[in-house]
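Only one structure is covered here, and it is reproduced in the block below.
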Amino acid sequence: MGANDSALKSVMGQPVLRKEDARFLTGTGQFTDDVTMARQTYAFFLRSPHAHATIRAIDVAKAKAAPGVVGVFTGADLTGVNGLPCGWLITGSDGKPMNEPPHPVLAQGKVRYVGDAVALVVAESIDAAKDAAETISVDYDVLPSVVNPVDALKPGAPQIHEQAAGNKCYTWALGDKAAVDAAFASAAHVTKLDIVNNRLVPNAIEPRAAVASWNRADDAYTLYVTSQNPHVERLLMTAFVLGLPEHKVRVIAPDVGGGFGSKIYLYPEETAMVWAAKRVNRPIKWVAERSESFLSDAHGRDHVTHAELALDASGKFLALRVQTTANMGAYLSTFASCIPTILYATLLAGQYTTPAIFCEVTAVFTNTAPVDAYRGAGRPEATYVVERIVHQAAAEMGIAQDEIRRRNFIREFPYQTPVALSYDIGDYDQTLDAAMAMADVAGFAARKAEAKRRGKLRGLGYASYIEACGLAPSNIAGSLGARAGLFEAGEVRVHPTGSVTVFTGSHSHGQGHETTFAQVVAARLGVPVENVDVVHGDTGRVPFGMGTYGSRSLSVGGTAIVKALDKIIAKGKKIAAHLLEAAESDIEFNDGKFSVAGTDRSKTFGEIALTAYVPHNYPLDKLEPGLNETAFYDPTNFTYPAGTHICEVEIDPDTGIVQVVAFTASDDFGNVINPMIVEGQVHGGLAQGIGQALLEHCVYDAGSGQLLTGSMMDYALPRADDLPSFNVDTKVTPCTHNPLGAKGCGEAGAIGSPAALMNAVHDALAPLGVAHVDMPASPHRVWSAILKARANA
Ligand code: MCN
């Protein structure tokens, strides 16, 4: 960071307490449901009870006449409204664009999953809306349905969209197939693995919600919505779906209680509400009930994969071959198509020098809720494949788990992988060594023996993960099919008294940007953190934004702010040069002071700010008044956080219960701005990853297509007593291509942990001859696998 080093030391890297917690801990946050407007009405969405059906007719006459009803709308009313767009075009291996069937805002003649929105009822109260919805008669002709992506590809499977023959969205491939085939032909050992990456329901604490209004005075709309990226939401909704001028729609994502990916997308509900707000000329509020969230939030994961790893006799990886079938659900959600491709196959090199990799992915439509990014998005799935197969190969070849990893680590950077990414920097030995020390791997044998005396099985599992975050360079994303840029914008507004308001296109919904971004600004300008406020989530106030996902906010959004700060400091130097009667090139900026090099003459940051706004004796012929700068920043590469997670489990062979007794994470996020917030991010990610591996599983009934895990009664989220006290630490190799030297940290916990946990489970069960258990490693699954292994023995 150069000139400002000593000021940086004062706030950078410090566990500054979260500024936003003052309102969150006192119940004064402003969430979408806290927004109440004059003459507000309430929305209820009538949803399909069937997984697949033709709609013969809908009769809304009774509902329209019901007490308190303000409006009833079905797909037939939405004339001139387009379907919801997909933001990423995948071109298949056949050179053809993916099949992109329409995704109507309200069902048009057919429903394709349980929960598909069929009608919108707007009424004076939510109860009136629900009562009226009950009177709507929908004449369904129920069709056979299919929920499993592998089944959906089979001949004779129910055909979900006319525009997608055989339910296929695309088959896409990455890598050199011929090189991989050749390497397999010469391999000393081949390890094969069939795994399922279980489907998940995101479950942010705050359900999705929206308040849409229209102002007839200026024909303008305001939408409060639980969004991770309000500008993108506005762009997609106005330009692609509703055909409204963008400047007439203000989208505000106020406090948002978690998203984990599920609030990136443009959903049918808020789109229908914006459209309807003008029709009823009243504000409309909708807050999803938890069971609606289960049915209609975009789900995550849902891959079925066959993988093969070729090794030489010493355990060096020669080639990796991966074939994945990915469930897209009934419609393409906003970024669905890029998750099992661009964010998955490109990560299959992991931390290793595997010279040849080939991955083929078939994306499939099924009669289930749309599937899209969920914390980690593609990268946990890739890590799961790589780290599970590495574990299995080591076990088969009798090589220690750390040793097989060390034999294959990448150690020279930059490193070009065979699957399109160029890793700028990393030190994988460092995080592996640290994790092993923290996890007391040396003492494991004794702990295992002690557990055995109690009749328990102990296992240790490693996952040395890598992720590509800080999404992304627009030109690379564009060449891979992105239909949007992936830069970020930031504005720094210095007020006359030297306090600062920062406007960022990133969106904080639990990540603590109001604190960490303020730390970046405070350090750079040498002003107290308290003097910096961060504004986000409002298209009416923030210049532009691509939003928050892919752990991009600090490395991309934070860097946009740094670029704006550079402009502020450059202008400040001009003003200081004038005030101090020195050459601009002689002005230095340090610790909040502009000074003439080699002298004791200086002006404080506050004095410069005041001069900018009180321009008496100001060189108005050369300089504009004011101190307000905006910057857009597009990175040149992803950031590559990496690390090793080690999980220790104990299994009761009589019940199949898996207890996570210890979990260690050694991560490299580059330079860390706030270690307390980073640790919190890792803890949250670990909880979600452990939840996936041990408890969570979204299940649809294969016959009826009904969501069987449709509530917290059936879908097991991790609770405090499922988790151990985490043992976490960070190592630093600074990112080489952003001025903060920072990599993302928001997803790492969810990326490494499922593989580490499942490797530990397999390590524990190996002595019994258990070959394979899929996630979640529930007591029933583990116990059944033990029984089966005993029977085989
Ligand atoms: N940070 C830091 N030093 C670093 C890296 C990050 O101090 N080297 C800080 C950042 O300044 C920021 C936080 O850590 O305050 C996370 O930063 P980053 O890794 O850039 O991730 P994002 O802010 O872009 O958050 C997105 C990421 C993703 S993709 C998901 S999904 C996720 C996650 O963050 N969803 C979350 N963490 C979440 N946390 C909460 N509470 N709720 C969610 O929905």
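Index from 1, following the sequence. Remember, it's 1-based here, ligands and their atoms both numbered in the order they're listed. Here the structure is a predicted model, which is why all the values come from computation and not from measurement.
- Pocket lining of ligand 1, defined as residues with a non-hydrogen atom under 4.0 Å away: Gly258, Gly259, Phe260, Gly261, Arg375, His509, Gly510, Gln511, Gly512, His513, Thr516, Thr548, Tyr549, Gly550, Ser551, Arg552, Ser553, Leu554, Phe669, Asn671, Val672, Ile673, Asn674, Ile677, Val678, Gln681, Ala742, Lys743, Gly744, Cys745, Gly746, Glu747.
- The aromatic rings of Tyr640 and Tyr423 are tilted relative to each other, their planes meeting at an angle between 30° and 60°.
- Within 6.0 Å of CG in Leu25 there are more than 12 heavy atoms belonging to other residues, nucleotides or ligands.
- Legend: ring pair (Phe, Tyr, Trp, His ring centres under 6.0 Å) pairs involving residues 667-691, not counting sequence neighbours, sorted by first then second residue: His683-Phe726.
- Relative to the ring axis of Phe503, Arg541 does not place its NZ or CZ within 45° and under 6.0 Å from the centre.
- Looking only at distances, a side-chain donor or acceptor of Arg379 sits under 3.5 Å from a matching main-chain atom of Gly376.
- Between the Ser227 side chain and the Asn229 main chain, a donor and an acceptor come within less than 3.5 Å of each other.
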